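A short write-up of the structure that comes next.
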Amino acid sequence: MTEGNSLELLNQLEDILDSDPLIDEVGFIHPSQFVTLNREAGGSLASSVRTTLQSEDGLLRPRVPEVNSSETVFWCRDHKLGISTQVLLPLYNAAKHAFMASLESYKSHSSVSAKKDESGGNDMSSCFSPSLYFLESKLMKHSRALLLLSCDFVTAWNSRKLVLSKKNNVQIFFGELFLSALVLSYAPKSESSWSHRRWVIKMLAGKCSNLREIMEKETELVTRIVEESSGTGFSEKQKMNYRAWNHCCWLVSYMSEGQVLEELNKSRDWARLHITDNSCFHYRTRLMLKMLEESRDKESLTGSPGHRLIVQTFVECGSILWIEELDWNELLIKRHIGREALWLHRRFLSLCWMKYFATDIHDVSCRCYHKDSTSHEISVFMHNELGLVRSCSTIPDNDFEDFQAHATFSSTYILWLIKHLSESLEIELQEKLPLGELKTVMNDICPEKLFLWHSLQGTCEST
């Protein structure tokens, strides 16, 4: 394919994107699949035409009639765009060349304008240069096409930031969110796309008032992507999309208290069905930490007895939430054998519960009611944890590796818990801990972790 034909293909792709701004999904299709795709969509495909565009109105004639006439290049219907894999390389080369040229022109114009502003002169040559608006339009158009063909072309994303950072039109930023979602439709693990999306949200946070609605749409997007990733589809859409969940974790700082509680409820269903996906549990961790931050902020305020009552109620609700999460986590641990993500989540829950809800470490006056029950709560908590560890240390089948992993995780969990207790609680737990059984389990199942046992033994001797 000649350079002229490649450029014509690029122009046609950009025309398609301009003619249907609501395209929300892109796919790269083998030429042999176009006939089937068109038949399923209820259209008719002219086999004598190579470059065709299937639309609601029928077939549009190609602008490259001299190329082989046996295949289709672009297919667009119902806001879905298909691009033939056969032309990806020449199309990418044309898009890259057009983008780099437009970026150079834009930077040159900006440099001339900056020098003119500094000198205060009137350079007549700049009057004959293309307008800034025209150069911006070309740059945005070519960068869009290039990013659809190469989603992690960082220079293209940065060029869009360069143009957008000078704009105050909120709708332009919403359009950028739409573009990144389009890229993520075929590349859900594109780090550059997620990063650009966060930059746009930061810009929107200071320019619009409907931030809550934006957060809701963002979590809906992540939910849709991770649900697709958990299925058996394209190779790119695989389990545990860390980047999507990481984006969700980043969003937490912009969420209101009500949204945090709503997301905790929604993410529980996902976690229950995907207990090996540690990313979802990490997201729940961020949500619960956000609640703790809200609690600490309220405690730091001084005010009337009425305010103290509000704080007390909030702390009580937080304690109930933590206990419910611990109970739910224990249920999952007993139901799903040998899943490390569940034990790691329990470490977080146990540590935070003891630090913020079961001790008087911060000595806040509004917690006086809570100090009276501290000893009983800790005793119940320790008894429950020991019972959980005992039940999980039993190995009914030595040939089943998950039972061995279960025993390993439970043993290392209780050793970890001891190391994070205060001195008085540590002594109390060691007195109740079946040290002989624990050492036997670790020696048989995970001898490589015996250094944890020796560390515990040294602590016992010192106390």
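Here the structure is a predicted model, which is why all the values come from computation and not from measurement.
- Counting heavy atoms from C-beta outward, Met215 and Ile201 have side chains that approach closer than 4.5 Å.
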Could you give me the CA-CA distance, side-chain angles and deciding distance for Ile333 and Glu330, then say whether side chain to side chain contact (heavy atoms under 4.5 Å, CB included) is met? CA-CA 5 Å; Ile333 285 176; Glu330 180 177 345; 5.5 Å; no

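- Taking both residues in full, the closest heavy atoms of Lys290 and Ser253 are given as NZ-O, 3.6 Å, listed atom of the first, atom of the second, then distance.
- Of all the heavy atoms in Ser185 and Asp24, the pair that sits closest is CB-O, 3.8 Å.
- Ionic pairing of Glu220 and Arg224 is not present here: no N-O contact between side-chain nitrogen and carboxylate oxygen is shorter than 4.0 angstrom.
- Side-chain contact check for Trp75 versus Leu81: every heavy-atom pair is 4.5 Å or farther apart.
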May I have the step-by-step check of side chain to side chain contact (heavy atoms under 4.5 Å, CB included) for Met354 and Met382, ending in yes or no? CA-CA 10 Å; Met354 290 186 297; Met382 296 303 177; 4.1 Å; yes

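- For the side-chain hydrogen bond (donor to acceptor under 3.5 Å, both in side chains) test, no residue two or more places apart in sequence or in another chain qualifies with Asn278.
- Smallest separation of non-hydrogen atoms from Leu10 and Ala94: CD2-O, 3.5 Å.
- The two atoms that bring Leu182 and Ile23 nearest to each other are CD1-O, 3.6 Å, heavy atoms only.
- Evaluation of the ring-ring contact (aromatic ring centres under 6.0 Å, His included) rule for Trp416 yields His420 as partners, not counting sequence neighbours.
- Taking 4.5 Å as the limit, every side-chain heavy atom of Leu344 sits out of range of all side-chain heavy atoms of Phe348.
- A 4.5 Å side-chain heavy-atom check between Ser279 and Asn246 finds every atom pair outside the cut-off.
- Residues forming a side-chain hydrogen bond (donor to acceptor under 3.5 Å, both in side chains) with Asp18 (at least two apart in sequence, or on another chain): Arg144.
- Annotation: side chain of Val252 is not in contact with side chain of Gln259 (no heavy-atom distance under 4.5 Å).
- Checked against side chain to side chain contact (heavy atoms under 4.5 Å, CB included), Ser192 has the following partners two or more places apart in sequence or in another chain: Asp152, Val154, Trp157, Ser190.
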Report, one line per pair, each donor and acceptor closer than 3.5 Å where one atom sits in a side chain of residues 281-288; sequence neighbours left out.
| unit_1 | atom_1 | unit_2 | atom_2 | d |
| --- | --- | --- | --- | --- |
| Tyr283 | OH | Glu263 | OE1 | 2.8 |
| Arg284 | NE | Glu325 | OE2 | 3.0 |
| Arg284 | NH1 | Leu264 | O | 2.6 |
| Arg284 | NH1 | Ser267 | OG | 2.8 |
| Arg284 | NH2 | Glu325 | OE1 | 2.8 |
| Arg284 | NH2 | Glu325 | OE2 | 3.2 |
| Thr285 | OG1 | Phe281 | O | 3.0 |

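- Using cut-offs of 30° and 60° for the angle between ring planes, the Trp343 and His406 rings count as perpendicular.
- Nearest approach of Tyr186 to Leu147, heavy atoms of both residues: OH-O, 3.1 Å.
- Taking Glu136 as the reference, Lys167 meet the side-chain hydrogen bond (donor to acceptor under 3.5 Å, both in side chains) condition, with sequence neighbours excluded.
- Residues Phe153 and Lys96 have side chains in contact (heavy-atom distance under 4.5 Å, counting atoms from C-beta outward).
- Using modelled atom types, one finds a donor on one side chain and an acceptor on the other under 3.5 Å when comparing Ser350 with Tyr413.
- Annotation: side chain of Leu9 is in contact with side chain of Phe74 (closest heavy-atom distance under 4.5 Å).
- Taking 4.5 Å as the limit, every side-chain heavy atom of Tyr254 sits out of range of all side-chain heavy atoms of Leu204.
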Before giving the answer on side chain to side chain contact (heavy atoms under 4.5 Å, CB included), spell out for Glu176 and Met140 the whole-Å C-alpha distance, their side-chain angles and the decisive distance to 0.1 Å. CA-CA 10 Å; Glu176 205 67 8; Met140 297 295 278; 4.2 Å; yes

Please test Trp270 against Glu227 for side chain to side chain contact (heavy atoms under 4.5 Å, CB included), starting from the C-alpha separation and ending with a verdict. CA-CA 9 Å; Trp270 171 269; Glu227 284 178 351; 3.8 Å; yes

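- A donor-acceptor pair shorter than 3.5 Å can be found between the side chains of Arg197 and Ser180.
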Given Thr276 and Arg339, is the side chain to side chain donor-acceptor pair (under 3.5 Å) satisfied, shown in steps? CA-CA 6 Å; Thr276 60; Arg339 298 297 182 261; 5.9 Å; no

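- Side chain to side chain, His142 and Glu14 meet the donor-acceptor criterion of an N or O pair below 3.5 Å.
- Side-chain contact check for His79 and Glu25: no donor-acceptor pair (N or O, by modelled atom type) lies under 3.5 Å.
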